[in-house]
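Remarks on the structure that follows.
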Number of protein chains: 2
Amino acid sequence: MAADQLSVTFAALADPTRRAILARVAQGEATVMELAEPFRLKLPTVSKHLKVLRRAGLITQGRQAQWRPCRLEPAPLKDVADWVERYREIWEERMGQLSDYLRQLQDKEETDGSEE
Amino acid sequence: MAADQLSVTFAALADPTRRAILARVAQGEATVMELAEPFRLKLPTVSKHLKVLRRAGLITQGRQAQWRPCRLEPAPLKDVADWVERYREIWEERMGQLSDYLRQLQDKEETDGSEE
DNA sequence: CTCATAGTTTCCTATGCAGCTAATTAGCTA
DNA sequence: TAGCTAATTAGCTGCATAGGAAACTATGAG
């Protein structure tokens with residue numbers, strides 16, 4: 001995998017389990033067990049997902065007794081948002097055209113189609 | 001890799017070469033040769049990058065004689081933007097706290113620091 | 001010290017991608 | 001038809017990851 005930060009972040013997000021973990025952690029801190037519970041995954045597997053998220057800077061893990069509570073670190077998500085924002089103009093323009101096209105189709109149908 | 005659309009999109013974006021290709025294609029259609037030129041990559045390598053982007057629905061390739069012009073398809077980018085948008089509130093709040101903290105530091109410095 | 005709990009690390013297999021070269025397909029031209 | 005150009009596919013190596021089992025570390029309770 002490429003070493004640059006954005007690539008690492010995208011790679012970390014390219015897994016539904018990890019995105020679900022982020023969604024859970026966004027609600028508040030959670031232990032590894034709590035994170036593992038919704039998925040039918042063994043602890044080591046979840047632990048490795050967390051490692052990927054940690055390397056991407058998307059979470060940090062503290063220490064409270066034998067627990068390692070996970071906390072969301074949203075900075076890389078802002079980077080993603082900033083990156084994708086550059087394309088907003090393009091998709092809004094194209095989606096607009098698509099809407100126009102669909103509207104045309106509909107108009108056409110209403111014109112030469114049977115009303116009722 | 002996970003099969004769901006968003007995961008495939010994120011995986012496709014997790015490579016600086018592919019993001020550069022997208023940036024180039026955003027300027028307008030381009031042939032595979034034109035896309036390969038800025039990178040010191042062989043055509044087959046670029047061709048495979050395009051395959052990944054195509055599978056993610058980020059580009060389509062037409063046919064004009066022996067050229068396969070690439071065109072950006074921004075819909076998956078909108079999906080990414082929609083996904084990341086859910087976290088905006090969190091990072092704005094946190095970044096806000098960070099700004100506050102930095103401002104406090106600065107104030108403190110100005111208070112007990114030597115004003116020249 | 002001993003045991004239990006929470007997590008991590010190590011080792012395994014399988015899969016997928018990044019890069020290359022060589023071979024192949026698709027379309028134009030002479 | 002042969003030959004040229006554009007692009008893809010096939011086959012290769014090397015590396016990263018997803019998943020699991022087993023072993024190890026770290027902390028707290030008795």
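Proteins come first, then strands; the chains are lettered A, B, ... in the order of their sequence lines, and each starts at number 1.
Phosphate proximity of C:dT25 to B:R68: absent, as no side-chain N or O sits under 4.0 Å from OP1 or OP2. Look at A:R63 and you won't find any side-chain N or O under 4.0 angstrom from OP1 or OP2 of D:dA26. OP1 or OP2 of C:dG19 has not a single side-chain nitrogen or oxygen of B:T45 nearer than 4.0 Å. For C:dC17, the OP1/OP2 oxygens have a side-chain nitrogen or oxygen of B:R55 closer than 4.0 Å. Taking side-chain N and O atoms only, A:H49 has a distance below 4.0 Å to OP1 or OP2 of D:dG19. An OP1 or OP2 oxygen of C:dA6 is reached within less than 4.0 angstrom by no side-chain nitrogen or oxygen of A:Q64. The side chain of A:Q66 places no N or O atom within less than 4.0 Å of a non-bridging phosphate oxygen (OP1 or OP2) of D:dT25.
Nucleotide C:dG19 holds its C1' atom 13 Å from the CZ atom of B:R40, rounded to whole Å. The CG atom of B:L13 sits 15 Å away from the C1' atom of C:dC17 (whole-angstrom rounding). Remark: P of D:dT27 and CE of A:M33 are 18 Å apart, rounded to the nearest angstrom. Atom C1' of nucleotide D:dT17 and atom CZ of B:F10 are separated by 18 Å, given to the nearest angstrom. Between the CG atom of B:L50 and the C1' atom of C:dA18 there is a distance of 14 Å, given to the nearest Å. One can place CD of A:E37 at 16 Å from C1' of C:dA6, the figure rounded to the nearest angstrom.
No engagement by A:E34 is indicated, since no non-hydrogen atom pair under 4.0 Å with the nucleic acid exists. Heavy atoms of A:T31 sit under 4.0 angstrom from primed sugar atoms or phosphate atoms, though from no base atom.
Inter-residue side-chain proximity for A:D79 and B:W91 is flagged as unmet; no heavy-atom pair is nearer than 4.5 Å. Between A:T45 and A:H49 the shortest side-chain heavy-atom distance falls below 4.5 Å.
Around atom CD of B:E89, no more than 12 heavy atoms belonging to other residues, nucleotides or ligands sit under 6.0 Å away.
Closest to the side chain of B:L43, out of D:dA7, C:dG7, D:dT17, is D:dA7. Closest to the side chain of B:K42, from the set C:dC20, C:dC17, D:dA7, is C:dC20. Among the nucleotides C:dG7, D:dA18, D:dA7, the one closest to the side chain of B:W67 is D:dA7.
Taking the six-membered ring for Trp and thresholds of 30 and 60 degrees, B:F10 and A:F10 have ring planes inclined between 30 and 60 degrees apart.
Residues A:L41 and B:R54 each lie close to DNA chain D; by heavy-atom proximity, the contact nearer the 5' end of the strand is made by B:R54. The residue among B:P44 and B:V52 whose nearest nucleotide of DNA chain C lies closer to the 5′ end is B:V52.
Under the side chain to side chain donor-acceptor pair (under 3.5 Å) test applied with B:Q61, the options B:R54, B:R68, B:R71 reduce to a single match, B:R54.
Judged by atom type and distance alone, A:K48 reaches the base of D:dG20 through a side-chain donor-acceptor pair under 3.5 Å. In this model, no side-chain donor or acceptor of B:K51 finds a partner on the base of C:dG16 within 3.5 Å.
The two residues A:D4 and B:R19 come nearest to each other via the heavy atoms OD2-NH2, 2.9 Å.
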